[in-house]
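Notes follow once the structure below has been shown.
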Amino acid sequence: MDTIIKDIEIKELGESKYIRPFSIHFVQDGIKRKWDCIKAHDSVSCLLYHTERDAFLFVKQFRPSLWYYQKQNGINSDELGISYEFCAGLCDKGLDEKRTMIEEIFEETGYATNDVRYITSSFTGLGFSANRQSIFYALIDESMKRGAGGGIDDEKIELCFIERAKINEFLLDESKPKGAGALFGITWFLANF
């Protein structure tokens with residue numbers, strides 16, 4: 001990914017429109033306990049399969065939290081902080097999940113489709129946030145390409161096609177960070193199509 005990251009500073013979190021930290025105090029089996037948590041938005045993600053290319057479409061982008069983890073743990077990478085993800089977005093616009101997903105697909109990839117199909121939902125960050133992510137899939141082709149993609153505002157998203165014949169190698173390639181939802185989604189797709 002052709003991106004330049006510089007002038008990184010790590011600061012304490014102040015107010016945020018995306019997350020809110022809090023603690024839960026409770027008694028479990030007679031023992032007082034405290035658990036630190038984060039309230040976060042639910043989200044959607046979509047496995048995109050390009051039928052003409054016989055390939056899965058991932059989005060690549062810089063994730064500061066991934067960069068931080070890699071730096072803290074001495075993980076060297078040619079693409080430090082760059083993740084490979086399904087097209088995804090937060091449910092923070094007051095739209096239903098399907099409409100949110102349709103908008104995110106267009107914004108991030110430039111493909112226009114109204115035919116997104118629900119697979120299931122799962123919870124992410126169970127140890128600290130337990131927010132829900134709904135997973136969809138959609139079949140796309142070049143006739144649906146209506147825009148450049150790349151995200152909106154100051155997002156910098158790059159499209160990455162992985163051929164179906166190479167997907168298992170990609171899934172196991174730890175040098176290309178990806179989330180558990182993507183691993184599940186591809187496995188589900190291969191078992192059903």
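Since this is a predicted model, take the numbers as computed values, not measurements.
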With sequence neighbours excluded, what pairs up with Tyr118 under the ring pair (Phe, Tyr, Trp, His ring centres under 6.0 Å) test?
->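 Counting only residues at least two positions away or on another chain, Tyr118 forms a ring pair (Phe, Tyr, Trp, His ring centres under 6.0 Å) with Phe136.
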
By ring pair (Phe, Tyr, Trp, His ring centres under 6.0 Å), which residues pair with Phe56, not counting sequence neighbours?
->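 Counting only residues at least two positions away or on another chain, Phe56 forms a ring pair (Phe, Tyr, Trp, His ring centres under 6.0 Å) with Tyr49, Phe189.
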
Is the side chain of [X] donor-acceptor paired with the backbone N or O of [Y] at a distance under 3.5 Å, no angle test?
X      : Y      : value
Trp35  : Phe128 : no
Asp173 : Ser175 : yes
Glu52  : Glu142 : yes
Asp141 : Ser143 : yes
Glu103 : Thr100 : no
Lys145 : Thr109 : yes
Asp42  : Arg132 : yes

[X]-[Y] co-clustered via ILVMFWY side chain contacts under 4.5 Å:
X      : Y      : answer
Ile31  : Ile24  : no
Phe184 : Ile167 : yes
Trp188 : Val116 : no
Phe62  : Phe86  : no
Leu80  : Tyr68  : yes

Got a second to check how far [X]'s [atom1] is from [Y]'s [atom2], nearest 0.5 Å?
X      : Y      : atom1 : atom2 : value
Cys46  : Ile119 : SG    : CD1   : 7.5 Å
Asn114 : Ile105 : CG    : CD1   : 9.5 Å
Ile82  : Ser77  : CD1   : OG    : 8.5 Å
Asp115 : Ile102 : CG    : CD1   : 8.5 Å
Lys178 : Leu183 : NZ    : CG    : 6.5 Å
Leu126 : Cys37  : CG    : SG    : 11.0 Å

No-hydrogen, no-angle side-chain donor-acceptor test under 3.5 Å, Thr124 and Gln133 |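 Not at all, the side chains of Thr124 and Gln133 share no donor-acceptor pair under 3.5 Å.
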
With distance as the sole criterion, is a donor-acceptor pair present between the side chains of Asn131 and Ser129 under 3.5 Å?
->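 Per modelled atom types, Asn131 and Ser129 side chains form a pair under 3.5 Å.
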
Lys39, Arg33, Lys34 screened by salt bridge (charged side-chain N to carboxylate O under 4.0 Å, His left out) with Asp36, the one that passes |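 Testing Asp36 for a salt bridge (charged side-chain N to carboxylate O under 4.0 Å, His left out) against Lys39, Arg33, Lys34 leaves exactly one candidate, Lys34.
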
Between Glu97 and Ser134, which heavy-atom pair has the shortest distance, and what is it?
->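 Result for this residue pair: OE2-OG, 2.8 Å.
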
Closest heavy-atom pair and its distance - Ala88, Glu104 =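 Taking Ala88 first and Glu104 second, the nearest heavy atoms are O-OE1, 3.2 Å.
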
Please, which pairs that meet ring pair (Phe, Tyr, Trp, His ring centres under 6.0 Å) have at least one residue in residues 153-179, sequence neighbours excluded?
->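 As it turns out, the ring pair (Phe, Tyr, Trp, His ring centres under 6.0 Å) pairs with a partner in residues 153-179, which skip direct neighbours, are His50-Phe161, Phe58-Phe170, Tyr84-Phe170.
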
Gln70: what forms a side chain to side chain donor-acceptor pair (under 3.5 Å) with it, not counting sequence neighbours?
->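 With neighbours one apart ignored, the set is empty.
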
Quick one: list whatever passes side chain to side chain donor-acceptor pair (under 3.5 Å) with Thr51, sequence neighbours left out.
->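 Checked Thr51 against side chain to side chain donor-acceptor pair (under 3.5 Å); zero matches.
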
Evaluate the side-chain contact (heavy atoms from CB on, under 4.5 Å) criterion for residues Glu108 and Glu85: first the C-alpha distance (whole Å), next the side-chain angles of each, then the deciding distance (0.1 Å), finally the verdict.
-> CA-CA 11 Å; Glu108 291 188 2; Glu85 305 173 26; over 6 Å; no

Take Arg146 and Phe106 through the test side-chain contact (heavy atoms from CB on, under 4.5 Å) and record every step on the way to the result.
-> CA-CA 8 Å; Arg146 301 274 194 281; Phe106 184 72; 3.7 Å; yes

Audit row: Tyr111, Leu48, side-chain contact (heavy atoms from CB on, under 4.5 Å) steps and yes/no | CA-CA 10 Å; Tyr111 288 91; Leu48 294 169; 5.9 Å; no

Can you find a pair of side-chain heavy atoms, one from Lys98 and one from Met101, that are under 4.5 Å apart?
->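 Sidechains of Met101 and Lys98: no contact.
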
Do the non-hydrogen side-chain atoms of Trp67 and Ile8 ever get within less than 4.5 Å of each other?
->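 They are in side-chain contact.
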
Pairs under 3.5 angstrom only: tabulate donor-acceptor contacts from the side chains of residues 10-22 to other protein residues two or more places apart or in another chain.
| residue | atom | partner | partner atom | Å |
| --- | --- | --- | --- | --- |
| Ser16 | OG | Tyr18 | N | 3.0 |
| Ser16 | OG | Ile19 | N | 3.2 |

With Leu190, the side-chain contact (heavy atoms from CB on, under 4.5 Å) member among Ile186, Thr187, Asn192 |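 The passing option is Ile186.
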
Within a radius of less than 6.0 Å around CD of Glu169, do more than 12 heavy atoms belonging to other residues, nucleotides or ligands occur?
->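 At most 12 heavy atoms, drawn from other residues, nucleotides or ligands, come within 6.0 Å of this atom.
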
Between Leu57 and Leu159, is a side-chain contact (heavy atoms from CB on, under 4.5 Å) present by the stated rule, with each step listed?
-> CA-CA 7 Å; Leu57 176 53; Leu159 305 184; 3.8 Å; yes

